[in-house]
Number of protein chains: 2
Amino acid sequence: MTARPKAQPGKRTNDPEGLRKRVLDVAEASLQARGYHASSLGDLMAAACVTGGALHHHFPTKKALALAVIEERVAAAVEETWIAPVQAAGSAREGVRSVFEAVTAELEQQGFVRGCPLNNLAHELSLADPDFRTALAGIFSAWRQAIADKVRADQQAGREQDTDPQRFAALAVATYSGAMSMAKTAQDSAVLRDCLSALEQGVSSARAKRRRRVLRRHRPL
Amino acid sequence: MTARPKAQPGKRTNDPEGLRKRVLDVAEASLQARGYHASSLGDLMAAACVTGGALHHHFPTKKALALAVIEERVAAAVEETWIAPVQAAGSAREGVRSVFEAVTAELEQQGFVRGCPLNNLAHELSLADPDFRTALAGIFSAWRQAIADKVRADQQAGREQDTDPQRFAALAVATYSGAMSMAKTAQDSAVLRDCLSALEQGVSSARAKRRRRVLRRHRPL
DNA sequence: GACAAAACAGGACAACCGGTCTGTTTATAA
DNA sequence: TTATAAACAGACCGGTTGTCCTGTTTTGTC
């Protein structure tokens with residue numbers, strides 16, 4: 001049984017910020033787990049222990065609530081798990097690798113793949129509403145931009161001369177998004193490791209983590 | 001105004017297969033455009049000119065209908081646009097490239113990005129229902145398998161010795177899925193080209209789409 | 001033609017959803 | 001204290017959803 005915040009009917013204390021935070025917490029979790037259309041305001045109200053009047057006071061419509069989650073929570077999540085670590089890393093390549101590994105390790109530990117919040121909502125809402133689409137596209141853009149900027153910083157330090165910043169960033173984000181999509185569907189994070197390995201060995205050369213098997217014995221004539 | 005099939009109330013002709021096909025057509029389009037939860041059976045019935053009784057006769061529940069779309073239509077779409085072309089290509093790498101280019105060209109021509117049907121549904125339904133998840137995971141698996149098999153065929157022909165089939169396939173599918181996700185959100189297919197370029201030049205070297213450059217001149221100290 | 005099963009028509013219904021509305025309580029400032 | 005607005009409570013409503021149910025028609029078979 002999950003602990004319910006706010007219960008005593010005795011007294012009441014106005015706490016707009018706290019209530020707003022509680023609603024956003026619950027909404028963020030529900031949007032991540034069930035998506036937009038499958039999340040009902042009734043469930044959210046019950047989970048956050050908030051009445052309809054209070055909810056409507058802070059978020060006039062369901063769309064407004066979801067938009068707030070996207071702009072405040074999803075964007076922050078991308079910032080926290082991707083942008084900041086990449087900026088703090090020794091290089092763009094190293095940053096991407098470390099985020100991949102950190103996320104993979106976290107997924108393996110908790111044994112359940114919830115998927116990328118941004119991608120989850122992007123797929124469901126991009127075509128449904130232009131406001132949603134714009135907000136989500138902005139987060140994707142900032143994500144790629146941060147990685148591309150890091151590549152440019154590397155280049156100014158004399159490294160990564162042959163790497164196109166924009167393309168590298170697009171590939172990193174796309175690979176991560178797609179890998180998380182598969183991991184979520186298969187409920188198995190192994191594909192994330194495969195993708196990271198393939199990314200690192202440059203798609204073409206392998207030599208791989210262990211000895212590759214040669215077996216160039218029988219070639220079809 | 002879209003043309004409505006079946007209209008004359010004069011006579012009626014039983015056509016189970018045709019009706020079923022019409023429903024699946026409409027359902028496939030709606031699931032692709034609006035997703036599962038935002039697609040109402042009422043709209044589908046109207047669009048396909050099918051009564052509730054007929055719909056219920058062929059598909060007892062909404063879930064059964066969506067499952068049929070996934071197993072018959074989405075799987076077929078992946079087969080048609082990815083698996084078959086890759087198998088028919090001269091090599092795995094060439095196959096991946098040609099599909100990327102074909103899809104990109106098609107998107108640029110129609111000026112609208114609907115996204116990948118498989119990924120769209122995977123994000124919305126993977127966590128919602130285990131039956132959905134299993135069906136979608138199977139398609140992802142077959143997709144990767146086909147690419148990996150092609151790499152193995154290349155290897156038996158003496159090529160791609162340093163490529164890990166499984167990892168290459170995972171990277172190809174993930175990159176495509178993620179790129180489509182961004183393209184859909186931004187309503188711009190440019191990112192697909194970026195990803196393909198980055199994929200082809202092996203992530204590490206840029207110097208444009210031809211000639212790999214070696215230049216192991218300055219190594220970071 | 002008789003009969004059974006499949007194919008289809010169409011209404012009914014209960015549950016639910018999101019939004020609105022009115023009223024009450026709390027905080028703020030004069 | 002008093003007025004003023006923000007913060008919250010809680011019931012209410014119209015519309016929609018997916019599903020079910022009872023009939024009717026068509027089709028195939030003997």
Side-chain angles (χ1 to χ4, degrees), chain A residues 4-27 30-31 33-69 124-125 128-129 131-132, chain B residues 4-27 30-31 33-70 121 124-125 128-129 131-132:
Chain A
R4 285 282 158 74
K6 277 294 193 62
Q8 293 87 323
K11 208 64 169 75
R12 176 188 133 194
T13 330
N14 280 5
D15 180 21
E17 296 169 10
L19 187 143
R20 189 186 139 92
K21 178 186 181 326
R22 256 160 50 212
V23 171
L24 283 178
D25 285 343
V26 169
S30 183
L31 286 184
R34 285 181 285 273
Y36 178 82
H37 288 98
S39 293
S40 83
L41 293 182
D43 292 344
L44 296 188
M45 284 161 49
C49 285
V50 167
T51 63
L55 177 61
H56 179 262
H57 178 73
H58 290 273
F59 306 99
T61 65
K62 186 182 184 182
K63 173 178 169 177
L65 172 57
L67 223 39
V69 169
E124 187 179 3
L125 300 178
D129 187 289
D131 294 326
F132 283 138
Chain B
R4 286 281 160 73
K6 277 295 192 65
Q8 294 86 323
K11 209 61 167 76
R12 174 187 133 196
T13 331
N14 280 7
D15 181 21
E17 297 168 9
L19 187 142
R20 189 186 138 93
K21 177 185 181 328
R22 258 161 47 212
V23 171
L24 284 177
D25 286 342
V26 169
S30 183
L31 286 183
R34 286 181 285 275
Y36 179 80
H37 288 98
S39 292
S40 84
L41 294 181
D43 291 345
L44 295 187
M45 284 161 48
C49 285
V50 166
T51 64
L55 178 62
H56 181 262
H57 178 73
H58 290 273
F59 306 99
T61 65
K62 186 183 184 182
K63 172 179 170 178
L65 172 57
L67 223 38
V69 169
I70 291 173
L121 292 178
E124 187 180 3
L125 301 178
D129 188 288
D131 294 326
F132 283 138

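Lettering follows sequence order; numbering is per chain, from 1. None of the values given here were measured: they were computed from a predicted structure. In what follows, every heavy atom counts, from backbone to side chain, and hydrogens, waters and symmetry copies are set aside.
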**Prompt:** With B/Arg34, which residues qualify under salt bridge (Lys or Arg N to Asp or Glu O under 4.0 Å), at least two apart?
**Reply:** none
**Item:** d(CG, A/Leu65; P, C/dG19) in whole Å
**Value:** 10 Å
**Item:** A/His58 side-chain N/O to D/dA6 phosphate OP1/OP2 under 4.0 Å
**Value:** no
**Item:** Spacing of B/Asp15 atom CG relative to C/dA9 atom P, expressed in whole Å
**Value:** 11 Å
**Message:** Given D/dT25, D/dA9, D/dT27, identify the nucleotide with an atom nearest to the side chain of B/Arg12.
**Reply:** D/dT25
Atom pairs, N/O to N/O, protein against nucleotides 15-19 of chain D, distance under 3.5 Å?
residue: D/dT17; atom: OP1; partner: B/Ser40; partner atom: OG; Å: 3.4
residue: D/dG18; atom: OP1; partner: B/Ser39; partner atom: O; Å: 3.3
residue: D/dG18; atom: OP1; partner: B/Lys62; partner atom: NZ; Å: 2.6
residue: D/dG18; atom: OP2; partner: B/Leu41; partner atom: N; Å: 2.7
residue: D/dT19; atom: OP2; partner: B/Lys62; partner atom: N; Å: 2.8

**Prompt:** Between atom CD in B/Glu17 and atom P in C/dC8, what is the gap in whole Å?
**Reply:** 10 Å
**Asked** Are OP1 or OP2 of D/dA7 and a side-chain N or O of A/His57 less than 4.0 angstrom apart?
**Response** yes
**Message:** Looking at every non-hydrogen atom in both residues, tell me the closest pair between B/Arg20 and B/His58 and how far apart they are.
**Reply:** CB-ND1, 4.0 Å
**Prompt:** To the nearest angstrom, how far is A/Asn14 atom CG from D/dA7 atom C1'?
**Reply:** 4 Å
**Request:** Provide the closest heavy-atom pair for B/Val50 versus B/Leu19 in the form atom of the first, atom of the second, distance.
**Result:** CG2-CG, 4.0 Å
Below 3.5 Å, can you tabulate the donor-acceptor pairs from side chains in residues 40-48 of chain A to any protein atom, sequence neighbours excluded?
residue: A/Ser40; atom: OG; partner: A/Asp43; partner atom: N; Å: 3.1
residue: A/Ser40; atom: OG; partner: A/Asp43; partner atom: OD2; Å: 3.2

**Minimum heavy-atom distance between A/Phe132 and A/Lys63, given as atom pair plus value** = CZ-CG, 3.7 Å
**Prompt:** Would you say B/Lys21 and B/Asp25 make side-chain contact, with heavy atoms under 4.5 Å?
**Reply:** yes
